[in-house]
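Excluded from the calculations below are hydrogen atoms, water molecules and symmetry mates; all remaining heavy atoms, backbone and side chain alike, are included.
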Amino acid sequence: MPATHAVTNQVPPLSEHNADNDFAADAALVEGLHRNGAGWAEDEVRALARLGGSERAQEWGRLANEHPPVLRTHDRYGNRIDEVEYHPVYHDLMTVAVEHGLHAAPWRDTRPGAHTARAARFYAWAQVEAGHGCPISMTYAVVPALRHNPELAARYEPLLAATVYDPGLRVPDTKLGLTAGMSMTEKQGGSDVRANTTRARPQPDGSYLLTGHKWFTSAPMCDLFLVLAQAPGGLSCFLLPRILPDGSRNRMLLQRLKDKLGNKSNASSEVEYDEAVAWLVGEEGHGVRTIIQMVNMTRLDCVIGGAAGMRLGVVQATHHAMHRKAFGDHLVDQPLMANVLADLAVESEAATTLAMRLAGATDRALAGDESEAAFRRLGLAASKYWVTKRASAHASEALECLGGNGYVEESGMPRLYRDAPLNSIWEGSGNVAALDVLRAMAAAGADVFMAELDAAAGADSRLDAAVADLRKRLAAGPDQATARRLVERMALTLQGSLLVRHGHPAVADAFCASRLDGDWGVAFGTLPSGVDTKAIIARVGLS
Ligand SMILES: Cc1cc2nc3c(=O)[nH]c(=O)nc-3n(C[C@H](O)[C@H](O)[C@H](O)COP(=O)(O)OP(=O)(O)OC[C@H]3O[C@@H](n4cnc5c(N)ncnc54)[C@H](O)[C@@H]3O)c2cc1C
């Protein structure tokens, strides 16, 4: 049969070769890696990014989302099993993530920059598939909290940090590697965990029996969970294994899996605990103080994940515009599309630069640098609010750059769009993140944070003015009702300060003109004239 038409002007797929170039050309990532003391990891990050760009890995990402996990509450004989069945590619994704240490490498790697190196790898691999990042992040994050019970940490940390993905429910001590989750949110409220009703009854052998429910508990096939429950001494943190040391199943009953907007590859369950055995981590009554150490690590991954999504979006949008013609010219050469792409690229680069700075602060804080710890406390809270919030708007605009193709599943853009809001919701939703900034400032002030901004003083008058304005706002004192505005300005001035010092001049100029000086519209694609859109788009690094 003769063809009815020739297919023209369709965009070629991003080839594996391009994907490799893409990492090498992700200047904000590579520069951030070196600047934050982890240049030694460049080859590892590049190798993982290359694998991520391969057709095979891209296909894993697609399949894992098109075949979401299935809950099996009972076996064929009616016995409860409470297991979740995943498509095999989910395990492939997990295997790569664990083998590359995204789940825990820095806890056994003593090299300076280990958290930064891991952050860069997480960023590269998150662009393949975001959902399986949930148990990977939680496993990474559980370690500092678990150390509040040295005995449990000694027993499980080596297995959590092992680079072997060993799925399936078995006695944790008999496995080659473990994963961990967290179980805090209840029906009556997730932000205010003090309202938790799950009870913990102490037993003569030192363990506790937990009875109650959790409204969200993701990745329920993890081996271990940190769970909040009310003990006699108040809200407390517990380590709960899925399988008990005697091989029996702990009474963690999976009720349902959530039918979610996105994050399809990841199972998020509703759970009931029926006298489930758990061990105290930290002191009774110190539950929030203990589990917040886990939350503080997962918040870093929210920022990295937000930045990774933006990078994916801007790469896809730019690639499309470089190959698609409309009205006789490639889209990328048309001034208004160049404005949109440059605006998206500026947002992406600002997010990546910030994420790497925070990863570096994590390394230095954990090595005992108190100033970096103070910077991280405030900088991360503000960034968790801002970067994750920008991700949704960014994904929407990047999708539109592909026109109708961007609205079609095959492009991958709908998945990016559906996944985008999640990092803003969990680990402290927008308002809660903003209020956390006020709380952190009330406790320790903002001097260290402001010193970071001042490091760029005199380099750009627009940044100087924005920092002066921020000082005035801070002097006015805390006000819950306007907290989002304050936190937004904190995050923007921090991004501006980093870009002015370390970014490409065209990117820093566009950022200061639009985000700090206000010469900008509400939608993306409203950068002022005079901005060097060509240089900014070239910085995305596609050939
Ligand atoms: C896909 C997915 C997976 C999840 N996985 C897990 C998991 O594994 N473990 C777990 O424990 N939880 C998990 N969660 C739950 C998540 O952490 C909570 O949904 C989140 O913390 C918000 O709690 P909530 O849903 O009860 O909302 P609420 O606490 O009721 O908050 C509703 C809204 O009110 C705002 N708000 C709250 N307090 C204030 C205030 N004082 N002032 C102004 N505004 C306020 C919040 O920002 C939010 O926008 C998951 C959620 C999702 C969507």
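In this structure, the side chains of Glu488 and Lys389 stay at 4.5 Å or more apart for every pair of heavy atoms. In this structure the side chain of Pro106 reaches within 4.5 angstrom of the side chain of Tyr140, judged on heavy atoms. With a 4.5 Å cut-off on side-chain heavy atoms, Met322 and His330 do not count as touching. Inter-residue side-chain proximity for Leu33 and Val45 is flagged as met; some heavy-atom pair is nearer than 4.5 Å. When side chains are defined from C-beta on, Cys512 counts as touching Val500, because their heavy atoms get closer than 4.5 Å. The closest side-chain heavy-atom distance from Trp426 to Asn423 is below 4.5 Å. For the pair Leu341/Thr533, no side-chain contact is recorded, criterion being any heavy-atom separation below 4.5 Å from C-beta on. In this structure, the side chains of Leu416 and Leu399 stay at 4.5 Å or more apart for every pair of heavy atoms.
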*Could you give me the CA-CA distance, side-chain angles and deciding distance for Met182 and Val142, then say whether side chain to side chain contact (heavy atoms under 4.5 Å, CB included) is met?*
CA-CA 8 Å; Met182 73 165 95; Val142 79; over 6 Å; no
*Please walk me through it: do Phe122 and His115 pass ring pair (Phe, Tyr, Trp, His ring centres under 6.0 Å)?*
CA-CA 10 Å; Phe122 187 79; His115 288 273; over 10 Å; no
*Please assess Met450 against Val467 for the test side chain to side chain contact (heavy atoms under 4.5 Å, CB included), listing each intermediate value before the final yes or no.*
CA-CA 8 Å; Met450 295 309 290; Val467 173; 3.9 Å; yes
*Start with the C-alpha distance between Glu55 and Glu59, add both sets of side-chain angles, then the distance that settles side chain to side chain contact (heavy atoms under 4.5 Å, CB included), and finish with yes or no.*
CA-CA 6 Å; Glu55 263 180 44; Glu59 189 64 356; over 6 Å; no
*asked:* Show, in sequence, the C-alpha distance, side-chain angles and deciding distance for Asp301 and Lys384, and conclude whether the salt bridge (Lys or Arg N to Asp or Glu O under 4.0 Å) test is met.
replied: CA-CA 9 Å; Asp301 280 4; Lys384 156 70 168 97; over 6 Å; no
*asked:* Run the side-chain hydrogen bond (donor to acceptor under 3.5 Å, both in side chains) test on Asp26 and Tyr123 for me, step by step, so that the C-alpha distance in whole Å, both residues' side-chain angles and the decisive distance to 0.1 Å come before the verdict.
replied: CA-CA 11 Å; Asp26 188 345; Tyr123 169 99; 2.9 Å; yes
*Give the intermediate values and the outcome of side-chain hydrogen bond (donor to acceptor under 3.5 Å, both in side chains) for residues Arg311 and Thr352.*
CA-CA 8 Å; Arg311 173 68 189 170; Thr352 302; over 6 Å; no
*Could you walk me through whether Asn405 and Met413 pass the side chain to side chain contact (heavy atoms under 4.5 Å, CB included) test, one step at a time?*
CA-CA 9 Å; Asn405 289 339; Met413 300 305 274; over 6 Å; no
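Residues Arg489 and Ala466 share a closest heavy-atom pair of NH2-CB, 4.1 Å. For Leu93 against Ala64, the heavy-atom pair with the smallest separation is CD1-CB, 3.8 Å. When all heavy atoms are compared, the tightest approach of Ile536 to Ala510 is CD1-CB, 3.6 Å. Ala317 approaches Ala398 most closely through the heavy-atom pair CB-O, 3.9 Å. In this structure, Ala307 and Val387 approach most closely via the heavy-atom pair N-CG1, 4.0 Å. Taking each heavy atom of Met490 and Ala382 in turn, the nearest pair found is CB-CB, 4.4 Å.
Proximity of a side-chain donor or acceptor of Ser411 to a complementary backbone N or O of Val408 within less than 3.5 Å is detected. A donor-acceptor pair under 3.5 Å links the side-chain atoms of Asn65 to the main chain of Gly61, judged by distance alone. Checking side-chain atoms of Thr298 against main-chain N and O of Val295 turns up a donor-acceptor pair under 3.5 Å. With hydrogens and angles ignored, the 3.5 Å screen pairs a side-chain donor or acceptor of Asn36 with a backbone N or O of Met356. Judged by distance alone, the side chain of Trp40 and the main-chain N or O of Gly37 form a donor-acceptor pair under 3.5 Å. Proximity of a side-chain donor or acceptor of His502 to a complementary backbone N or O of Gly32 within less than 3.5 Å is not detected. Side-chain atoms of Thr318 do not come within 3.5 Å of backbone N or O of Val315 as any donor-acceptor pair. For the pair Asp419 (side chain) and Asn263 (backbone), a donor-acceptor distance under 3.5 Å is present. Distance alone, capped at 3.5 Å, is enough to place a donor-acceptor pair between the Asp343 side chain and the Gly525 backbone. Remark: side-chain polar atoms of Gln127 are not paired, donor with acceptor, to backbone N or O of Gly52 under 3.5 angstrom.
In this structure, the separation between SG on Cys401 and CD on Gln316 is 11.0 Å, given to the nearest 0.5 Å. His100 NE2 to Arg118 CZ: the interatomic distance, rounded to the nearest 0.5 Å, is 13.5 Å. Taken to the nearest 0.5 Å, the OG1 atom of Thr493 stands 14.0 Å off from the CZ atom of Arg515. Separating the OG atom in Ser383 from the CZ atom in Arg357 is a distance of 10.0 Å, to the nearest 0.5 Å. From Leu380, atom CG reaches atom OG1 of Thr362 across 7.0 Å, with rounding to the nearest 0.5 Å.
Ion pair Arg46/Glu42 flagged as a salt bridge, since at least one NZ, NE, NH1 or NH2 atom sits closer than 4.0 Å to an Asp/Glu carboxylate oxygen. Remark: Asp479 does not engage Arg473 in a salt bridge, criterion side-chain N to carboxylate O under 4.0 Å. Looking at Asp333 and Lys325, no side-chain N of the basic residue comes within less than 4.0 Å of a carboxylate O on the acidic one, giving no salt bridge. A salt bridge does not link Asp469 to Lys472: none of the charged nitrogens lies less than 4.0 Å from a carboxylate oxygen. Salt bridge present: Arg539 and Glu31 bring a charged side-chain N and a carboxylate O closer than 4.0 Å. Salt bridge annotation for Arg501-Glu452: present, with a cationic side-chain nitrogen under 4.0 angstrom from a carboxylate oxygen. One finds a salt bridge joining Glu66 and Arg62 here, because a Lys/Arg side-chain nitrogen approaches an Asp/Glu carboxylate oxygen to under 4.0 Å. With salt bridges taken as basic N to acidic carboxylate O contacts below 4.0 Å, one links Glu347 and Arg390. A salt bridge does not link Lys264 with Glu129: every distance from a Lys NZ or Arg NE/NH1/NH2 to an Asp or Glu carboxylate oxygen is 4.0 Å or more. The pair Asp436-Arg299 meets the salt-bridge criterion, since a charged nitrogen lies less than 4.0 angstrom from a carboxylate oxygen. Comment: Arg462 does not engage Asp519 in a salt bridge, judged by the lack of any side-chain N to carboxylate O separation of less than 4.0 angstrom. Ion pairing between a basic and an acidic side chain is recognised when a charged N comes within 4.0 Å of a carboxylate O; Arg418 and Glu409 show such pairing.
Side-chain polar atoms of Tyr417 and His394 form no donor-acceptor pair below 3.5 angstrom. Between the side chains of Trp125 and His132, at least one donor-acceptor pair of N or O atoms lies under 3.5 Å. A side-chain donor-acceptor contact under 3.5 Å links Thr116 and Asp363.
Between Phe449 and Phe375, the ring planes lie parallel to each other; the angle is under 30°, not in the 30° to 60° tilted range.
Residue Glu400 places its CD atom among 12 or fewer non-hydrogen atoms of other residues, nucleotides or ligands, all under 6.0 Å distant. Within 6.0 Å of the CG atom in Asn9, the count of heavy atoms belonging to other residues, nucleotides or ligands exceeds 12. The number of heavy-atom neighbours closer than 6.0 Å to OH of Tyr86, taken from other residues, nucleotides and ligands shown, is above 12.
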